[in-house]
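Keep in mind that what you see is a predicted model, and the values were worked out from it rather than measured.
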Amino acid sequence: NSGVDFVLLRVGYRYFKTGEIIIDTQFSDNIQGALDAGLDVGVYFFSQAITEQEAIEEAETVLQQIKNYQVKYPVMIKWYVPTKVENESEVRTKGLAAEEITNLVDVFCKKIKSEGYTPGFFANKTSGYETLNLSKLAEYDLWYSEYQASPAFYYDFKLWEYSSEAKVAGVEDTVEMCIALKSYH
């Protein structure tokens with residue numbers, strides 16, 4: 001009843017030091033709760049893949065976790081380099097070239113698409129302009145993040161994350177808010 005139509009839920013992440021895949025301990029409860037509340041669902045995985053095989057493993061992990069649920073919104077990858085760490089030498093993704101990162105996102109999305117889901121990926125202005133080759137990823141839905149009154153981004157995007165400080169009735173913490181610029185029904 002809060003005016004929210006859909007949620008994007010984190011399935012899990014790959015640990016930045018060891019590369020271990022960790023499933024979000026709340027994922028099952030979150031997706032079931034969202035569906036029970038009548039919300040449409042999309043999901044994402046925080047990637048730290050450094051090889052194509054790891055990107056495929058991440059996609060397969062997500063597919064395994066969502067196989068018993070109705071996911072109408074995109075199944076997405078959020079590839080990033082951790083910035084708030086004590087020892088940067090422990091970050092296994094440090095120094096990966098932009099071309100390699102784009103390829104890893106593409107591999108993840110191809111696997112998701114091959115299983116019949118809508119694939120997507122996350123970018124903010126920096127990663128969109130400086131890291132990812134968006135023309136290579138144009139067939140996938142872009143989830144763009146920019147906390148402004150209106151977005152200022154050259155490329156097409158289907159989801160716009162416009163706030164990280166929103167409050168939603170029934171949710172204790174602040175949440176990120178997103179607008180879908182495409183119908184996923």
Side-chain angles (χ1 to χ4, degrees), residues 1-14 16 24 26-27 29-48 58-59 62 65-66 69-85 93 98 101-102 104-106 108-109 112-113 117-185:
N1 295 329
S2 64
V4 173
D5 298 319
F6 70 94
V7 294
L8 304 176
L9 300 172
R10 182 181 77 168
V11 173
Y13 61 95
R14 186 178 290 276
F16 75 95
D24 187 314
Q26 295 300 306
F27 177 70
D29 289 342
N30 288 343
I31 194 168
Q32 192 61 60
L35 292 168
D36 289 348
L39 297 173
D40 289 332
V41 173
V43 298
Y44 66 95
F45 187 87
F46 268 122
S47 177
Q48 289 284 282
E58 291 174 355
V62 171
Q65 293 298 311
I66 66 173
Y69 301 102
Q70 187 172 20
V71 176
K72 291 184 178 180
Y73 276 68
V75 176
M76 297 177 286
I77 182 171
K78 193 171 186 179
W79 198 98
Y80 73 106
V81 174
T83 55
K84 297 176 182 176
V85 295
T93 56
I101 296 167
T102 298
L104 295 169
V105 170
D106 184 46
F108 178 97
C109 288
I112 296 302
K113 187 175 184 177
Y117 292 94
T118 301
F121 65 99
F122 175 89
N124 57 26
K125 196 173 277 189
T126 302
S127 63
Y129 288 144
E130 298 175 14
T131 305
L132 298 170
N133 178 346
L134 296 180
S135 61
K136 183 175 180 180
L137 303 172
E139 70 181 282
Y140 311 123
D141 288 4
L142 171 55
W143 165 22
Y144 177 66
S145 176
E146 182 178 359
Y147 303 147
Q148 301 293 330
S150 62
F153 191 62
Y154 180 78
Y155 292 90
D156 182 41
F157 51 92
K158 303 300 182 207
L159 297 158
W160 172 38
E161 182 180 310
Y162 63 89
S163 174
S164 64
E165 301 288 319
K167 291 296 288 176
V168 174
V171 178
E172 191 174 311
D173 297 326
T174 59
V175 297
E176 297 162 338
M177 291 298 283
C178 204
I179 294 174
L181 303 171
K182 171 183 176 179
S183 175
Y184 289 100
H185 300 279

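Qualifying side-chain hydrogen bond (donor to acceptor under 3.5 Å, both in side chains) partners for Tyr117, counting only residues two or more places apart in sequence or in other chains: none. Residues satisfying the salt bridge (Lys or Arg N to Asp or Glu O under 4.0 Å) test with Glu176, not counting sequence neighbours, are none. Taking the salt bridge (Lys or Arg N to Asp or Glu O under 4.0 Å) definition, one finds that Lys72 meets it with Asp40, sequence neighbours left out. Remark: Glu165 pairs with no residue by the salt bridge (Lys or Arg N to Asp or Glu O under 4.0 Å) rule, at least two apart or across chains. Applying the side-chain hydrogen bond (donor to acceptor under 3.5 Å, both in side chains) criterion to Tyr144, with sequence neighbours excluded, gives Glu146.
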What verdict does the side-chain contact (heavy atoms from CB on, under 4.5 Å) test give for Asp156 and Leu142, after you've listed the backbone C-alpha separation in whole Å, the side-chain angles of each residue and the deciding distance to 0.1 Å? CA-CA 7 Å; Asp156 182 41; Leu142 171 55; over 6 Å; no
Leu35 vs Val41, test: side-chain contact (heavy atoms from CB on, under 4.5 Å). Steps then yes/no. CA-CA 7 Å; Leu35 292 168; Val41 173; 3.7 Å; yes
List the steps and the verdict of side-chain contact (heavy atoms from CB on, under 4.5 Å) for Val168 and Met177. CA-CA 9 Å; Val168 174; Met177 291 298 283; 4.0 Å; yes
Go through the steps for Thr174 and Ser164 under the test side-chain contact (heavy atoms from CB on, under 4.5 Å), then give the verdict. CA-CA 7 Å; Thr174 59; Ser164 64; over 6 Å; no
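Inter-residue side-chain proximity for Thr118 and Asp141 is flagged as met; some heavy-atom pair is nearer than 4.5 Å. The shortest side-chain heavy-atom distance between Tyr155 and Phe157 does not fall under the 4.5 Å cut-off. Annotation: side chain of Tyr162 is in contact with side chain of Ile179 (closest heavy-atom distance under 4.5 Å). Contact of the Thr93 side chain with the Trp79 side chain is registered, since non-hydrogen atoms from C-beta on lie closer than 4.5 Å. Looking at heavy atoms from C-beta onward, Leu39 lies out of side-chain contact with Phe6 at the 4.5 angstrom threshold. Counting only heavy atoms from C-beta outward, the side chains of Trp143 and Glu161 approach each other to under 4.5 Å. Contact annotation: the side chain of Arg10 never approaches that of Val43 to less than 4.5 Å [non-hydrogen atoms, C-beta and beyond]. Between Ile66 and Phe27, some side-chain heavy-atom pair lies under the 4.5 Å cut-off.
With a 6.0 Å cutoff to the six-membered ring centre and a 45° limit on the axis angle, Lys78 counts as a cation-pi contact of Tyr44.
Ring planes of Tyr184 and Tyr73: tilted class, angle from 30 to 60°.
In this structure, Leu132 and Ala123 approach most closely via the heavy-atom pair CD1-CB, 4.1 Å. Contact detail for Ala34 and Val7: the closest heavy-atom pair is CB-CG2, 3.7 Å. Scanning both residues, Cys178 and Leu159, for their nearest heavy atoms gives SG-CB, 3.8 Å. When all heavy atoms of Leu9 and Ile31 are compared, the pair lying nearest together is CD1-CA, 3.4 Å. Here the shortest heavy-atom pairing between Lys125 and Phe153 reads CA-CE1, 4.1 Å. Contact between Cys109 and Gly120 at its shortest, heavy atoms only, is SG-O, 3.6 Å.
A distance-only check finds a donor-acceptor pair linking the side chain of Asn30 to the backbone of Gln26 [under 3.5 Å]. Judged by distance alone, the side chain of Lys158 and the main-chain N or O of Tyr140 form no donor-acceptor pair under 3.5 Å.
The stretch residues 127-137 participates, sequence neighbours left out, in these side-chain hydrogen bond (donor to acceptor under 3.5 Å, both in side chains) pairs: Asn124-Ser127, Asn133-Ser135.
Rounded to the nearest 0.5 angstrom, Ile101 CD1 and Leu137 CG are separated by 11.5 Å. Note that CE of Met76 and CZ of Phe46 are 11.0 Å apart. Values are rounded to the nearest 0.5 Å. In this structure, Asp5 CG and His185 NE2 are separated by 7.0 Å, a value rounded to the nearest 0.5 Å.
More than 12 non-hydrogen atoms from other residues, nucleotides or ligands lie less than 6.0 angstrom from CD of Glu139.
Side-chain atoms of Tyr13 and Asp24 include no donor-acceptor pair closer than 3.5 Å.
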